[in-house]
A.B. asks: 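Got a structure for you, written out below as structure tokens; questions coming shortly.
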Number of protein chains: 2
Amino acid sequence: MTEHKQDSRGRIVEAANRLFYIKGYNQASFADVADEVGISKGNLHYHFRSKDDLLDAVIVLRTKVIEQNLARWDEQYSNPKDKLKRFVQMLLMEEDGIARYGCPLGSLNMELGKSQRELRDRSREMFDLFQRWLEKAFKQMGYKNSLSLSNHLLSMAQGAALMTFVYADGQLLKDECDRIHEWIEGLDN
Amino acid sequence: MTEHKQDSRGRIVEAANRLFYIKGYNQASFADVADEVGISKGNLHYHFRSKDDLLDAVIVLRTKVIEQNLARWDEQYSNPKDKLKRFVQMLLMEEDGIARYGCPLGSLNMELGKSQRELRDRSREMFDLFQRWLEKAFKQMGYKNSLSLSNHLLSMAQGAALMTFVYADGQLLKDECDRIHEWIEGLDN
DNA sequence: GTCTATAAGAAGATAGAC
DNA sequence: GTCTATCTTCTTATAGAC
């Protein structure tokens with residue numbers, strides 16, 4: 001629990017987070033992460049018993065970031081429609097990464113969902129954070145089917161991200177985000 | 001080019017197609033495919049020099065199936081709106097598979113797109129088939145932005161499939177397909 | 001905490017017998 | 001065409017020195 005250990009651990013998790021996103025969890029090896037951080041594989045194993053352990057730490061980090069963002073948006077926007085729009089804005093800000101590597105949430109869930117069901121559940125919890133936050137906004141607007149609307153918005157966002165990635169074309173994301181934006185504007189509240 | 005070889009080859013490609021879908025390309029090993037078919041790894045290598053070769057054959061098979069379906073739909077439906085609806089109906093018919101393993105096209109593209117760019121292009125061509133077919137339908141309806149509309153429909157379909165997979169919930173697919181269906185009904189033509 | 005060395009296993013691929 | 005045996009490389013993980 002010394003300062004150095006904390007520093008190393010943090011740097012490892014950040015590097016793993018980056019590599020798992022860029023290459024995918026299964027395609028990013030322990031050695032890749034160690035190289036990225038500039039330490040040995042043996043040292044990496046001192047900090048994380050297994051690769052799954054490392055993924056767990058990455059998910060904890062991502063979860064923390066998501067929760068911080070949602071909390072900040074709650075502070076900045078009281079109008080539920082503004083909250084929905086802020087969600088869409090996030091996509092546009094991530095245009096480059098999405099076009100290159102896809103949505104961090106969607107791609108991780110897609111990868112882990114296949115034949116790695118234990119890890120899938122941990123990964124899905126990040127989706128739940130957005131799902132519940134958006135659901136709350138729709139409920140605030142007076143919708144009874146707020147969960148379905150939340151899933152619909154998530155669905156449109158994921159579809160936009162996937163198509164943007166497949167064609168590696170940021171314009172696709174802009175077009176879809178425009179449509180989502182119009183859809184939000186047209187909602188009753 | 002004997003009868004036996006053709007039989008084996010066909011069975012191998014079908015098994016690989018199934019396993020690549022269920023486990024993902026990188027997670028399905030050569031040995032897995034050989035076991036599934038009931039032959040040895042060595043024999044599998046006689047038919048396919050490399051795993052990438054095998055994937056290529058799988059993509060050729062999938063491409064053929066897609067082209068056959070699109071051609072059949074063209075015969076069965078002359079009204080472009082009916083064509084769009086038939087596309088959505090395909091999703092509903094694949095509900096079980098999508099909830100368990102995701103969309104075959106979307107998941108393969110997502111997986112290969114990350115750090116395997118050569119294979120990505122081959123995989124993307126399957127998307128192109130649907131993209132062009134849908135675009136033609138929108139053009140037939142008199143839309144000038146037919147490509148954008150085609151991408152939008154693909155985007156909604158992919159989003160629906162991904163959310164359905166993440167939550168392993170077929171109801172999600174039904175809800176989203178209802179929305180897509182309404183969207184199609186509301187189009188001018 | 002960090003390193004080197006090494007084990008143990010899986011994966012893709014080849015060689016050669018039948 | 002199909003098999004067994006083998007090779008090589010990669011990957012995860014451990015052991016032990018510093």
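Lettering of chains follows the sequences in order, A, B, ..., and the numbering in each one begins at 1.
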A.B. asks: On a heavy-atom basis, which atom in P80(B) and which in A137(B) lie closest, and how many Å separate them?
C.D. replies: CB-O, 3.4 Å
A.B. asks: Ignoring backbone atoms, establish whether N43(B) has a side-chain N or O less than 4.0 Å from OP1 or OP2 of dC3(D).
C.D. replies: yes
A.B. asks: Does this structure show an ion pair linking E176(B) with R179(B), if we count only N-O contacts that are shorter than 4.0 Å?
C.D. replies: yes
A.B. asks: Once you round it to whole Å, what is the distance between C1' of dG1(D) and CD1 of I39(B)?
C.D. replies: 10 Å
A.B. asks: Measure the distance from CZ on R9(A) to P on dT2(C) and round it to the nearest whole Å.
C.D. replies: 13 Å
A.B. asks: By the salt bridge (charged side-chain N to carboxylate O under 4.0 Å, His left out) test, which pairs, at least two apart or in different chains, include something from residues 111-124 of chain A?
C.D. replies: D56(A)-R122(A), D121(A)-R124(A), R122(A)-E125(A)
A.B. asks: May I have the distance from L44(B) (atom CG) to dA11(C) (atom P), rounded to whole angstrom?
C.D. replies: 14 Å
A.B. asks: Using a cut-off of strictly less than 4.0 Å between a heavy atom of the residue and any atom of DNA chain C, enumerate the qualifying residues of residues 13-36 of chain B by number.
C.D. replies: S29(B), F30(B)
A.B. asks: By the ring pair (Phe, Tyr, Trp, His ring centres under 6.0 Å) test, which pairs, at least two apart or in different chains, include something from residues 149-178 of chain B?
C.D. replies: H152(B)-W183(B)
A.B. asks: Kindly say if H45(B) contacts the phosphate of dC3(D), meaning a side-chain N or O under 4.0 Å from OP1 or OP2.
C.D. replies: no
A.B. asks: Which residue pairs pass the side chain to side chain donor-acceptor pair (under 3.5 Å) test with at least one member in residues 57-67 of chain B, sequence neighbours excluded?
C.D. replies: N17(B)-R62(B)
A.B. asks: Which pairs, with at least one residue in residues 81-115 of chain A and sequence neighbours excluded, count as a ring pair (Phe, Tyr, Trp, His ring centres under 6.0 Å)?
C.D. replies: Y21(A)-Y101(A), F87(A)-F130(A)
A.B. asks: Do any of residues 48-60 of chain B sit with a heavy atom less than 4.0 Å from DNA chain D, and if so which?
C.D. replies: none
A.B. asks: Counting neighbours of CZ on R86(A) that are heavy atoms of other residues, nucleotides or ligands and sit closer than 6.0 Å, is the number greater than 12?
C.D. replies: yes
A.B. asks: Does atom NZ of K139(A) have more than 12 heavy-atom neighbours, drawn from other residues, nucleotides or ligands, at distances under 6.0 Å?
C.D. replies: no
A.B. asks: Can you measure K41(B) atom NZ to dC3(D) atom P for me and round it to whole angstrom units?
C.D. replies: 13 Å
